[in-house]
Amino acid sequence: MEKLSANAEAEVTVDMEDADVVAVLHALADPVRLDIVRQLADCGPGAMKCGQLIIPVTKSTTTHHIKILAKAGIITERAEGTSKHLSLRKCDLDAKFPGLLDSVLNAG
């Protein structure tokens, strides 16, 4: 069962204990989602506002892609006022699936 935690800042995070390599690979297989992950990786350990993403899809499609990445445990979403901040869960992913994220990001 998917476990989500939410704190006062409206952060939604999937418990990495429940993370599944198939879901992670499925999420990273889509070129738009992979581009989102690359942009988050390039911005470093901090968060990026959702509106800062440069991707060639509509806002609703962006929301769909972000939800898939979050449910797979790849990113964290944090609502702050009317803004949504995204962070790549690189440390968590590296702990659960060593080398996977770096391999995927360096493959293309």
Side-chain angles (χ1 to χ4, degrees):
M1 173 149 235
E2 184 178 291
K3 297 177 192 171
L4 299 176
S5 65
N7 65 24
E9 296 174 341
E11 183 172 332
V12 178
T13 307
V14 171
D15 187 339
M16 286 308 285
E17 206 174 282
D18 297 330
D20 175 49
V21 71
V22 174
V24 171
L25 290 172
H26 176 266
L28 293 172
D30 183 276
V32 173
R33 291 191 291 267
L34 183 57
D35 189 37
I36 291 169
V37 171
R38 282 196 171 116
Q39 288 182 53
L40 291 172
D42 289 345
C43 88
M48 174 186 263
K49 285 186 179 180
C50 187
Q52 292 176 301
L53 291 171
I54 301 169
I55 51 176
V57 295
T58 65
K59 187 175 177 180
S60 62
T61 302
T62 299
T63 300
H64 169 74
H65 286 300
I66 288 169
K67 285 183 191 247
I68 290 172
L69 290 168
K71 282 187 176 188
I74 298 168
I75 65 171
T76 296
E77 300 176 84
R78 180 176 46 88
E80 190 173 291
T82 59
S83 298
K84 187 184 291 186
H85 297 261
L86 308 173
S87 297
L88 182 61
R89 298 181 67 187
K90 183 167 180 11
C91 291
D92 293 336
L93 287 165
D94 287 345
K96 178 79 177 196
F97 310 112
L100 177 68
L101 184 61
D102 287 334
S103 295
V104 171
L105 291 176
N106 293 327

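Predicted model, so just to flag it, every value in this text is computed and none were measured.
Looking only at side-chain heavy atoms (C-beta outward), Leu86 and Leu53 come within less than 4.5 Å of each other. Two residues are said to be in side-chain contact when any heavy atoms from C-beta on lie closer than 4.5 Å; Met48 and Leu88 fail this criterion. Side-chain contact check for Ile68 versus Asp30: every heavy-atom pair is 4.5 Å or farther apart. Using a 4.5 Å heavy-atom threshold, the side chains of Met16 and Leu93 count as touching. Using a 4.5 Å cut-off on side-chain heavy atoms (C-beta onward), Leu101 and Val24 make no contact.
Atoms OG and NE2, on Ser60 and His65 in that order, are 9.5 Å from each other to the nearest 0.5 Å. Summarising the geometry, atom CD belonging to Glu80 is positioned 7.5 Å from atom NZ belonging to Lys49; distances are rounded to the nearest 0.5 Å. Here the OG1 atom belonging to Thr61 is positioned 8.5 Å from the CD1 atom belonging to Ile55, to the nearest 0.5 angstrom. Taken to the nearest 0.5 Å, the CD1 atom of Ile75 stands 6.5 Å off from the CG atom of Leu40. The CZ atom of Arg89 lies 12.0 Å from the CG atom of Asp94; values are rounded to the nearest 0.5 Å. In this structure, NZ in Lys59 is found 8.0 Å from SG in Cys50, a value given to the nearest 0.5 Å.
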Could you give me the CA-CA distance, side-chain angles and deciding distance for Asp102 and Lys90, then say whether side chain to side chain contact (heavy atoms under 4.5 Å, CB included) is met? CA-CA 9 Å; Asp102 287 334; Lys90 183 167 180 11; 2.9 Å; yes
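By the salt bridge (charged side-chain N to carboxylate O under 4.0 Å, His left out) test, Arg33 is found to be paired with no residue, residues two or more places apart in sequence or in another chain being considered.
Formation of a donor-acceptor pair under 3.5 Å by the Gln39 side chain with backbone atoms of Ile54 is found in this model.
Heavy atoms only, all atoms of each residue included: Ala72 and Ala23 are closest at CB-O, 3.8 Å. Between Lys96 and Ala19, the closest heavy-atom pair is CE-O, 3.6 Å.
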